[in-house]
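First the structure, in the form of structure tokens, and then the observations on it.
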Amino acid sequence: VSTAELVLRRQDGPPPLEEEPQLEELRGGWAEASGPAEMAARIAYAFDAAGTPGASFLEGGETFASAYGRVSDALYRIVTTGAWSRALVVAHEGVNRIALGWACGGGLASISAFEQDLACVNVIDFDVVPEQNGQGLKIERTIMKAVNLTPYDYLKHGMARTSLEIIFDL
């Protein structure tokens with residue numbers, strides 16, 4: 001919410017901020033570890049098994065399949081029912097990865113491949129057309145225009161570690 005407010009504050013006549021509960025970050029579970037380094041590694045590599053049936057964001061956390069369902073449902077609804085041509089979605093890494101997996105058609109099996117650096121930007125363009133029966137809209141085409149764009153380092157010079165590896169100093 002704080003990030004969205006910062007971005008909107010810079011717009012002339014900003015639209016009202018709408019919170020979407022289905023786009024809240026993944027609900028993590030618990031993990032036992034021998035120390036901080038092992039715990040950090042478990043969190044940093046948590047997305048690697050996302051495509052495995054029953055996999056969760058740490059033991060007892062939300063399953064990736066459940067998170068994928070709620071995030072993709074919300075995004076589809078936002079894209080196909082909005083009375084606007086552009087939307088800003090401000091989310092955390094897990095939701096961003098799921099959104100990218102959904103948008104590219106790769107699903108959960110693809111989300112570990114999408115790095116999301118701190119404060120990155122993704123730009124996804126959706127072509128939306130009327131349903132054949134005239135009842136509602138549907139997504140006809142999806143184009144990923146930018147993924148993991150980091151304005152503070154466009155070339156990713158010296159950014160060999162993932163954002164979670166940086167946060168946990170792995």
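All values below were derived from every heavy atom in this structure, side-chain atoms included, with hydrogens, water molecules and symmetry-related copies excluded. For clarity, every value in this text was computed on a predicted model and none was experimentally measured.
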Using modelled atom types only, decide if a donor and an acceptor are shared between the side chain of [X] and the backbone of [Y] within a distance under 3.5 Å.
| X | Y | answer |
| --- | --- | --- |
| Ser110 | Gly107 | yes |
| Glu165 | Arg161 | no |
| Glu20 | Gln22 | yes |
| Thr150 | Tyr152 | no |

Legend entry - Sole residue of Thr81, Val129, Thr80 in side-chain contact (heavy atoms from CB on, under 4.5 Å) with Leu137: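 The passing option is Thr80.
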
Inset, instruction - Start with the C-alpha distance between Leu8 and Leu17, add both sets of side-chain angles, then the distance that settles side chain to side chain contact (heavy atoms under 4.5 Å, CB included), and finish with yes or no. - result: CA-CA 8 Å; Leu8 292 174; Leu17 177 64; 4.0 Å; yes

Inset, instruction - Mark yes when over 12 heavy atoms from residues, nucleotides or ligands other than Asn133 sit less than 6.0 Å from its CG; otherwise mark no. - result: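 Yes, CG of Asn133 has more than 12 neighbouring heavy atoms, counting only those of other groups under 6.0 Å.
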
Legend entry - Neighbour count above 12 (heavy atom, 6.0 Å) for Glu131 CD: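 Yes, the 6.0 Å shell around CD holds more than 12 heavy atoms from other groups.
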
Evaluate the side-chain proximity of [Y] to [X]: yes if any heavy-atom separation is below 4.5 Å, no if none is.
| X | Y | value |
| --- | --- | --- |
| Ile139 | Val79 | yes |
| Leu100 | Ile111 | no |
| Asp48 | Tyr45 | yes |
| Val123 | Val121 | yes |
| Leu118 | Ile167 | yes |
| Leu23 | Leu75 | yes |
| Phe114 | Asn148 | no |
| Glu115 | Glu93 | yes |

Inset, instruction - Applying side chain to side chain contact (heavy atoms under 4.5 Å, CB included), run through Met39 and Ile43 and close with a yes or a no. - result: CA-CA 6 Å; Met39 180 60 75; Ile43 293 169; 4.2 Å; yes

Legend entry - Pairing residues for Tyr68 by the ring-ring contact (aromatic ring centres under 6.0 Å, His included) criterion, not counting sequence neighbours: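 Residues passing ring-ring contact (aromatic ring centres under 6.0 Å, His included) with Tyr68: none at all.
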
Atom pair [atom1]/[atom2] of [X] and [Y] - distance to nearest 0.5 Å:
| X | Y | atom1 | atom2 | answer |
| --- | --- | --- | --- | --- |
| Asp125 | Asp127 | CG | CG | 5.5 Å |
| Phe64 | Thr52 | CZ | OG1 | 9.5 Å |
| Glu24 | Glu19 | CD | CD | 8.0 Å |
| Phe57 | Glu62 | CZ | CD | 10.0 Å |

Inset, instruction - Please identify each residue that fulfils salt bridge (Lys or Arg N to Asp or Glu O under 4.0 Å) with Asp153, with sequence neighbours left out. - result: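 Residues passing salt bridge (Lys or Arg N to Asp or Glu O under 4.0 Å) with Asp153: none at all.
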
Legend entry - Partners meeting salt bridge (Lys or Arg N to Asp or Glu O under 4.0 Å) with Lys156 (sequence neighbours left out):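 Expected list: Asp117.
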
Same cluster for [X] and [Y] if Ile/Leu/Val/Met/Phe/Trp/Tyr side chains link at under 4.5 Å?
| X | Y | value |
| --- | --- | --- |
| Val90 | Val71 | no |
| Ile143 | Val89 | no |
| Ile124 | Val7 | no |
| Ile98 | Leu88 | no |

Legend entry - Basic-acidic side-chain contact under 4.0 Å: Glu38, Arg42: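 Salt bridge present between Glu38 and Arg42.
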
For residues [X] and [Y], report the shortest heavy-atom separation together with the two atoms involved.
| X | Y | answer |
| --- | --- | --- |
| Leu58 | Ala31 | CD2-CB, 4.2 Å |
| Gly94 | Glu25 | N-OE2, 3.0 Å |
| Thr142 | Ala103 | CG2-O, 3.4 Å |

Legend entry - Aromatic plane relationship, Trp102 with Phe126 - under 30° parallel, 30 to 60° tilted, over 60° perpendicular: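 Correct class here is tilted.
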
Inset, instruction - Tell me yes or no: between the side chains of Gln116 and Asn96, is some donor less than 3.5 Å from an acceptor? - result: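 Checked: Gln116/Asn96 side chains pair up, N/O donor to acceptor below 3.5 Å.
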
Inset, instruction - Measure from NZ or CZ of Arg97 to the centre of the six-membered ring of Phe47, then state whether that distance is under 6.0 Å and the direction lies within 45° of the axis. - result: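 Positive - Arg97 is close enough to the ring of Phe47 and near enough to its axis.
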
